There are 2 protein chains.
Amino acid sequence: MIEKSKKNNTIQYKHGVYIAQGSSAVGPKEGAGPIGKSFDKVYTTIHGGEETWENFECKLQLDAVTTVMKKNMMTADDFGFILGGDLLNQIMITNFTAKELEIPYLGLYNACATMAEAMVIGGMLIDGAYADNLLVVASSHNATSERQYRNPTELGAQRPQTAQWTVTGAGAMILSTTPSDIKITAATIGKVRDFGVKDPNQMGAAMAPAVFSTIKDHFKNTNTSVCDYDLILSGDLGYHGHKILLALFQGEGFEVGAQIQDSGIWIYHSKQDVHSGGSGAGCSAAVWASYLLSEIRKGKYKKILLAGSGALLSPTSLQQGNSIPAICHVVSLINQEVGSVL
Amino acid sequence: MIEKSKKNNTIQYKHGVYIAQGSSAVGPKEGAGPIGKSFDKVYTTIHGGEETWENFECKLQLDAVTTVMKKNMMTADDFGFILGGDLLNQIMITNFTAKELEIPYLGLYNACATMAEAMVIGGMLIDGAYADNLLVVASSHNATSERQYRNPTELGAQRPQTAQWTVTGAGAMILSTTPSDIKITAATIGKVRDFGVKDPNQMGAAMAPAVFSTIKDHFKNTNTSVCDYDLILSGDLGYHGHKILLALFQGEGFEVGAQIQDSGIWIYHSKQDVHSGGSGAGCSAAVWASYLLSEIRKGKYKKILLAGSGALLSPTSLQQGNSIPAICHVVSLINQEVGSVL
């Protein structure tokens with residue numbers, strides 16, 4: 001008989017997991033947004049000179065990965081593993097990145113929570129000293145996603161105001177055993193939550209309860225609360241989902257303030273006609289790997305909670321009458337230069 | 001500057017990772033095969049009384065998971081995490097299993113190598129004592145897969161002799177910190193390999209070089225060779241892929257014998273009109289979680305190498321002219337009752 005024991009879905013990294021560096025590549029709309037200057041590479045078209053949108057998404061991932069390697073004067077040979085995923089069926093983009101780099105590969109799929117998932121599992125590989133350095137990567141492309149998940153572009157379907165705009169972009173980070181100023185201290189693996197949302201243009205509403213659930217688990221398991229963080233940054237709830245998250249916090253008596261932010265709101269100007277903000281696995285990946293890391297290094301944030309949120313939207317399942325399950329994984333960071341060790 | 005170091009894609013579990021129990025549920029063709037009696041549940045139709053094939057695949061996964069829990073007198077509350085995946089877009093089946101069970105979830109996609117991938121990552125969670133018990137699960141369904149990857153069933157397309165038959169089945173295992181007779185000692189994470197195969201009815205040929213590559217890495221990193229194992233069991237190369245694997249071994253001077261076997265060959269009689277044998281994420285999952293564990297416990301095998309092989313076939317990518325990349329992850333087991341500790 002095997003032993004039963006108390007469960008705890010939070011991983012407390014014991015030996016030190018550090019983010020050495022991050023990098024990103026995005027499309028024109030993202031480059032024109034409020035944090036556009038923080039991205040390492042900005043393309044001026046949504047096909048980036050490639051024959052297919054999918055090939056361009058491949059290019060974005062490779063750009064993000066090769067740039068982050070160059071920043072550290074490293075090559076593919078210096079990495080033990082690559083972990084990541086994207087929104088396309090069979091995570092085809094990431095499979096090709098892993099093929100190109102010839103680095104041992106773990107393919108992941110938790111929709112827009114994939115970068116967070118890669119950081120959680122990559123953190124374990126680093127913490128266990130199974131690798132000194134590894135890569136985490138995620139991407140999305142507006143046109144590859146819309147075609148697959150919603151409507152063919154040619155249809156010119158009108159989007160409701162609750163719809164989010166799938167980010168064209170990729171982000172990659174190096175996780176390392178070598179101490180740096182940004183340390184991953186803990187991570188919480190979330191449960192799938194499903195509150196019956198059946199509208200693929202309501203991703204924020206589908207994801208917000210999952211985000212709230214995993215953040216609460218993280219608070220409980222690490223004995224912290226909202227006030228213990230300078231920034232609680234969700235993956236991509238967008239305006240509507242963010243409002244729901246704030247309401248959920250308030251509904252259970254949490255004091256919420258300006259520290260609760262959303263990557264999908266950060267990435268676009270409201271005047272960019274993106275309706276409820278950004279989304280997509282490339283949204284959190286690009287924002288976190290570029291803008292966020294640079295703001296942390298500037299000393300703006302000391303204790304950060306990242307909540308990667310994913311709507312596990314399957315067109316087949318939706319057509320068969322099912323609702324959209326969602327998930328969220330949480331990653332806790334500290335800026336060692338200015339913060340105290342949690 | 002972060003440190004560069006020698007890489008090693010093998011994880012040596014330090015504190016003990018054990019397979020407590022396994023369970024499976026399959027369709028009629030699998031039940032009629034040579035190892036049919038070893039499966040815990042055999043359905044008599046390929047829709048299992050459900051309205052959609054996808055719903056039946058969900059049922060198969062839930063059957064496998066709930067049966068393995070019952071065998072250990074455990075409930076979902078006793079598990080820290082669930083890790084797994086399937087072949088459907090957005091791994092929709094596993095998302096619903098995780099939703100139903102409300103266990104913290106990591107969604108994985110490495111095609112038919114998904115069960116091996118879940119064992120590799122689950123092994124780290126157990127080895128790091130982040131959970132005392134967790135579930136790994138994978139599945140496939142012949143009809144859900146054929147429709148998505150190849151031809152609609154209604155087309156009645158003829159299959160060439162190299163085609164494999166996607167298994168209708170699911171397998172689940174409990175990984176635990178509690179010592180049992182079957183111990184996972186090490187695992188090797190593979191690289192993506194692509195030898196230019198563009199025919200979705202040639203999965204064995206696409207996968208064999210990936211299997212050979214990761215097994216060689218494992219040999220090198222653990223200082224072992226073919227003769228150190230009683231069984232080297234690939235996920236699902238089928239007859240054609242298995243022949244290619246043997247030729248690759250022989251080509252590099254390895255002595256090969258009857259210890260090199262394939263799960264896709266084990267699962268069906270050659271007279272069952274399955275052509276090159278079984279495949280699918282549910283093939284290795286069901287065979288390993290039932291027949292293999294029982295044979296190990298009978299003392300037939302002492303030192304086992306499992307090579308989960310996956311063809312990362314994307315219909316979109318294929319239509320755009322790309323070839324089919326493949327991957328393989330290797331997991332090393334010992335039977336503690338009869339074997340010496342590797």
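Chain identifiers are assigned alphabetically (A, B, ...) following the order of the sequence lines, protein sequences preceding nucleic acid strands; residue numbering begins at 1 within each chain. Just so we're clear, the structure is a prediction, and the values are computed from it rather than from any experiment.
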Starting at OH of A:Tyr109, measure out to CG of B:Asn89 and round the result to the nearest 0.5 Å. 9.0 Å

Answer yes or no: is there a side-chain heavy-atom contact under 4.5 Å between B:Ile327 and A:Asn95? no

Are A:Phe81 and B:Asn9 close enough that some pair of their side-chain heavy atoms sits under 4.5 Å apart? yes

Is A:Phe96 close to chain B through its backbone or its side chain, or both, or neither, when contacts mean heavy atoms under 4.5 Å? side chain

What I'd like to find out is whether the side chain of A:Glu102 reaches to under 4.5 Å of the side chain of B:Arg193, using heavy atoms alone. yes

Say you draw a straight line from CG of B:Leu88 to CD of A:Gln90; how long is it, rounded to the nearest 0.5 Å? 9.5 Å

Measuring only between side-chain heavy atoms, which start at C-beta, is A:Glu117 closer than 4.5 Å to B:Leu108? yes

Most heavy-atom pairs under 4.5 angstrom with chain A, which of B:Thr10, B:Leu313, B:Val192? B:Val192

Quick check on A:Asp217 against chain B: is it the side chain, the backbone, both or neither that has a heavy atom closer than 4.5 Å? neither

State the CE-CG distance between B:Met92 and A:Leu318, to the nearest 0.5 angstrom. 10.0 Å

Smallest separation among heavy atoms of B:Lys191 and A:Ile103, with atom names: CG-C, 3.9 Å

For B:Gln148, is it the side chain, the backbone, both, or neither that has a heavy atom closer than 4.5 Å to a heavy atom of chain A? side chain

Does any N or O in the side chain of B:Glu54 come within less than 3.5 Å of the main-chain N or O of A:Ser317, such that one atom is a donor and the other an acceptor? no

Quick one: closest heavy-atom pair of B:Pro325 and A:Lys99, and the distance? CB-CD, 4.4 Å

Tell me whether the guanidinium CZ or amine NZ of B:Lys14 lies under 6.0 angstrom from the six-membered ring centre of A:Tyr130 and within 45° of its axis. yes

